[in-house]
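Data block below; observations after.
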There are 2 protein chains.
Amino acid sequence: MQPADAVETIQREMTVFARRARAAAGRMHPELSLVSYTLLGHLEESGGCRATDLAAHYALDKSTVSRQVTALERAGLIERRPHAQDQRVQVLHLTEAGRRILARVTESRRAAFRERLADWPAEDLSRFAAYLVRYNAGPGSGRYDHGRGT
Amino acid sequence: MQPADAVETIQREMTVFARRARAAAGRMHPELSLVSYTLLGHLEESGGCRATDLAAHYALDKSTVSRQVTALERAGLIERRPHAQDQRVQVLHLTEAGRRILARVTESRRAAFRERLADWPAEDLSRFAAYLVRYNAGPGSGRYDHGRGT
DNA sequence: CCTCCATGGTTGCATAGGCCAACGACCTGT
DNA sequence: ACAGGTCGTTGGCCTATGCAACCATGGAGG
């Protein structure tokens, strides 16, 4: 496959995936939307972060994140902690309930993916995962988050 | 990387991509949303199909597709043609304007991706593309897509 | 031909997710 | 102290979607 075609294929297939993922998430866990799930996941992964970080990472408006956070807090899945040095900042953390639900949903999602990817060789799986990570971390991703530069 | 971790990474990274793609699409071509773009793309690729086919392929509700189609038609990008054997069916086709816009947007998207993927070896690109195709075409996707299959 | 049910699409209604702009609170450098 | 930037909230508004009800058409049985 020529690089140009590969590139086009990549964007198209990613899009198809994105579209289906949303619908599938709704069917799998009506309790936790794909958005909420990803936010919780990021919190777990990062071990607590600011709303602004979430916004930057997912290229969302801060107001959007603010509302999502409010909803998640109201649902008891996350909690806000003050930042020691900066009172403007709220450090978001998973609560026990949040961790539990996240784990449950992650498990069911993982099962679905695993089934879907059942006949893939382990090597292909890890290579695929690596490509995705590389893509998302790649040059240009800086354009989406505003000077959070690690 | 263990398969289970790879699987989890895949879903997470795909989601990040999906989220950013939407925002990026808005910046790149405000005239054609990501949804519209993908629908037009599918029409071009399939050489005309029914609204139901689009709904099935993207796991969207038929009402959603119906509205999108209405908007795209009003914008003059697609047209509905009667089906010879079945009057219920509208076969959707790109108009010249639709084809033109689709080509323009595809080109700008491709340029962005190309820049993003500039330093990837051609082999990795095609392998990445192949993985995505394989994933989307995998068992289970048959539920969504009726025999457009290669 | 008429009836019953399936299929393709549309429309009403409700919800979620997003963006932008304005604002209040708080930090920082001068 | 003041100016300018950052973090998060809110209000206003729009788009995308799903579900359910509904209309028109097509098909299979009587």
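Residue numbers start from 1 in every chain, and the chains themselves are labelled A, B, ... in the order their sequence lines are given, proteins ahead of strands.
Interface limits on DNA chain D: the 5'-most and 3'-most nucleotides within less than 4.0 Å of chain B heavy atoms are dA16(D) to dG26(D).
The two atoms that bring Leu102(B) and Leu40(B) nearest to each other are CD2-O, 3.7 Å, heavy atoms only.
Between Glu73(A) and the choices Arg80(A), Arg81(A), Arg67(A), the salt bridge (Lys or Arg N to Asp or Glu O under 4.0 Å) rule is met once, by Arg80(A).
Residue Val91(A) is the one, among Val35(B) and Val91(A), whose nearest nucleotide of DNA chain D lies closer to the 5' end (criterion: closest heavy atom). Nearest-nucleotide assignment on DNA chain D puts the 5′-proximal partner with Val65(A), out of Val65(A) and Ala23(A).
For Pro30(B), the side chain to side chain contact (heavy atoms under 4.5 Å, CB included) test picks out no residue, with sequence neighbours left out. Arg19(B) pairs by the salt bridge (Lys or Arg N to Asp or Glu O under 4.0 Å) definition with nothing, not counting sequence neighbours.
Annotation: the span from Arg134(B) atom CZ to Asn136(B) atom CG amounts to 12.5 Å, rounded to 0.5 Å. Once rounded to the nearest 0.5 Å, the distance linking CD of Gln90(A) with SG of Cys49(A) reads 11.5 Å.
Residues in residues 16-54 of chain A take part in these ring pair (Phe, Tyr, Trp, His ring centres under 6.0 Å) pairs, two or more places apart or across chains: Phe17(A)-Tyr135(B), His42(A)-His57(A), His42(A)-Tyr58(A).
Of all the residues in residues 73-81 of chain A, Arg80(A) reach under 4.0 Å from DNA chain D with at least one non-hydrogen atom.
Remark: Arg104(B) does not engage Glu107(B) in a salt bridge, criterion side-chain N to carboxylate O under 4.0 Å.
Formation of a donor-acceptor pair under 3.5 Å by the Asp124(A) side chain with backbone atoms of Pro121(A) is not found in this model. Within the 3.5 Å criterion, the main-chain N or O of Leu34(B) finds a donor-acceptor partner in the side chain of Thr38(B). A donor-acceptor pair is defined here as one N or O able to donate and one able to accept, closer than 3.5 Å; no such pair exists between the side chain of Arg109(B) and the backbone of Met28(B).
Here Arg19(B) reaches the OP1 or OP2 of dG18(C): one of its side-chain N or O atoms lies under 4.0 Å away.
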Sugar-phosphate or base contact per nucleotide [nucleotides 20-30 of chain C; S, B, -; heavy atom under 4.0 Å]: BB---BBS---
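Using a 4.0 Å heavy-atom criterion, one finds that Thr70(B) contacts no nucleic acid atom at all.
Spacing between atom CZ of Arg50(B) and atom C1' of dT7(C) amounts to 9 Å, rounded to whole angstrom units. If you measure from atom OH of Tyr58(A) to atom P of dG17(C), you get 14 Å, rounded to the nearest angstrom.
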